Amino acid sequence: LLKPTIVNINETQMNGSNKPILKSYSSFSRNRTTRIGGGICTAVCNSIKEQTVCVEEGGEEDEWLAVRLTHVFPALTLVNCYGEQEGSCVGRSNKEEVVARWGRLLKVLEAARLRGDHCLLIGDMNKHIGNDHLGVKGNNGEISGGGRLVRDLLEGGQWRLVNAMEEVVEGGPFTRRDPATGKESLLDLWICTAGLAPHFKQLYIDSSRKWEVARPVRRTGRLHLTHTDHYTMVASLHDLPAARVAREEQEVRWKTGSKEG
């Protein structure tokens, strides 16, 4: 039985002020305002809810929200994002919109990194990142416009793609199976600051569907379960110092640079 500390959900399909209710968790959510579908939620277990605050969320139709968790040291800023679909079809985003939305998100990521936080970006990014040294081994070779933006971020060396860390990933590389064609793709990305990367013990991709997620949909007067076409992903992190312990260690250090010390 999984009892994660943090739960991230993309495509909650909720609107207005509605949000998922999870027993023993406190939820932060963002729903679409002008279109149907979408919706994101980040839920934290109640034991750390007093140390968690929503610090930013996307404007207009940007589907992301950032929560800051201060029970660890350094603090962890976790950004839950549902990326736009690229293309020229109705309802999809053109190149200019993709670049503009990524720019707004990047400001939040970099602000968290520069204030000294660990930072983790998670979600269905809808970005194809390829299979070379900046992509993921075993992935499809396609690189989309949005994927190139992700690769530009990774190339600087201050951010790491957890999906590409072969020593911790299990069940990958693909994170989605098309229900119509059976074709697999990698669209759900985990991107973290370089300092957080060593703390990843495992990133498990449930391609065998042990923990398949479904939602009830009413058809012809009856409820039917509609299963997601994305695989559940579970990350385990270790050796993140508790903020209380880190503060106590700092308080007992001698100030050898002054006479008082």
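Nothing here was measured: the structure is a model prediction, and the numbers come from that model.
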Would you say that M14 contacts S29 through its side chain, given a criterion of any heavy-atom pair below 4.5 Å between the two side chains? no

May I ask you to decide if A214's main-chain N or O and H227's side chain share a donor-acceptor pair within less than 3.5 Å? no

Is any side-chain heavy atom of W190 closer than 4.5 Å to a side-chain heavy atom of M233? yes

Please report the closest heavy-atom contact between C41 and N80, naming both atoms and the distance. O-ND2, 2.9 Å

Which heavy-atom pair separates I205 from P173 by the least distance, and what is that distance? CD1-O, 4.0 Å

Side-chain heavy atoms under 4.5 angstrom apart, residues restricted to Ile, Leu, Val, Met, Phe, Trp, Tyr: same cluster for L189 and I122? no

Applying the side chain to side chain donor-acceptor pair (under 3.5 Å) criterion to H230, which one of T175, D206, D188 satisfies it? D188

Verify side-chain contact (heavy atoms from CB on, under 4.5 Å) between T77 and V108, making sure each step is shown before the conclusion. CA-CA 10 Å; T77 295; V108 175; 5.6 Å; no

How far does CD of E63 sit from CD of E11, to the nearest 0.5 angstrom? 8.5 Å

Test log, rule side-chain contact (heavy atoms from CB on, under 4.5 Å), inputs R218 and L223: CA-CA 4 Å; R218 186 176 296 278; L223 287 176; 4.0 Å; yes

Check for me, please, whether W64 and V162 land in the same ILVMFWY cluster - side-chain distances under 4.5 Å, paths through other members count. no

Donor-acceptor pair between N8 and T42 side chains, under 3.5 angstrom: yes

Pairing residues for K23 by the side chain to side chain contact (heavy atoms under 4.5 Å, CB included) criterion, not counting sequence neighbours: none

Nearest non-hydrogen partners of L186 and F174, listed with the distance: N-CD2, 4.0 Å

In short, R30 meets L65 closest at the heavy-atom pair N-CD2, 3.7 Å

Return yes when atom CD1 of I21 has more than 12 non-hydrogen atoms of other residues, nucleotides or ligands closer than 6.0 Å, and no otherwise. no

Mind checking whether Y231 and V213 sit in one hydrophobic cluster, side chains of I, L, V, M, F, W, Y counted as touching below 4.5 Å? no

Using only atom types and a distance under 3.5 Å, with no angle test, would you say the side chain of N31 pairs donor to acceptor with the backbone of G16? yes

Would you call D178 and K183 a salt bridge, using N to O less than 4.0 angstrom? no

Closer than 3.5 angstrom, by distance alone: can the side chain of N94 be matched with the main-chain N or O of E96 as a donor-acceptor pair? yes

Option passing side-chain contact (heavy atoms from CB on, under 4.5 Å) with Q85 (candidates D124, N126, V98): N126

Gap separating the CG atom of L240 from the CZ atom of F200, nearest 0.5 angstrom: 9.0 Å

State plainly whether one hydrophobic cluster holds both V234 and L120, where clusters connect Ile, Leu, Val, Met, Phe, Trp and Tyr through side-chain heavy atoms under 4.5 angstrom apart. no

Could you state the interatomic distance from CG (L149) to NZ (K127), rounded to the nearest 0.5 Å? 7.0 Å

Flag the pair M125 / V150 as yes when at least one side-chain heavy-atom distance between them is below 4.5 Å, and no otherwise. no

Between R177 and R209, is any pair of side-chain heavy atoms under 4.5 Å apart? yes

Rounding to 0.5 Å, atoms CZ (R68) and SG (C119) come to a distance of 10.5 Å

Can you give me the closest heavy-atom contact between G135 and A164, atom names plus distance? O-CB, 3.5 Å

If you compare all heavy atoms of A66 against all heavy atoms of V79, which two are closest, and at what distance to 0.1 Å? CB-CG2, 3.9 Å

Counting N and O atoms only, with roles assigned by atom type, does the side chain of T70 sit under 3.5 Å from a partner on the main chain of A75, one being a donor and the other an acceptor? no

One should read off an interatomic distance between L69 CG and H118 NE2, to the nearest 0.5 angstrom, of 12.0 Å

Might you work through the side chain to side chain donor-acceptor pair (under 3.5 Å) test for S26 and N46, ending with a clear yes or no? CA-CA 6 Å; S26 297; N46 286 337; 2.9 Å; yes

Do W102 and E84 meet the criterion of a side-chain donor-acceptor pair at a distance under 3.5 Å? no

When rounded to the nearest 0.5 Å, the distance separating CD1 of I9 from CG of L22 is 5.5 Å

Within one Ile-Leu-Val-Met-Phe-Trp-Tyr cluster: V67 and I48, side-chain cutoff 4.5 Å: yes

Run the numbers on V44 and Y25 for side-chain contact (heavy atoms from CB on, under 4.5 Å), then give the verdict. CA-CA 5 Å; V44 300; Y25 287 83; 5.6 Å; no

Any chance you could lay out the side-chain contact (heavy atoms from CB on, under 4.5 Å) test for L121 and W159, step after step, and finish with the verdict? CA-CA 10 Å; L121 171 66; W159 295 84; 5.7 Å; no

Testing L187, N139, L134 for side-chain contact (heavy atoms from CB on, under 4.5 Å) with I129, which one passes? N139

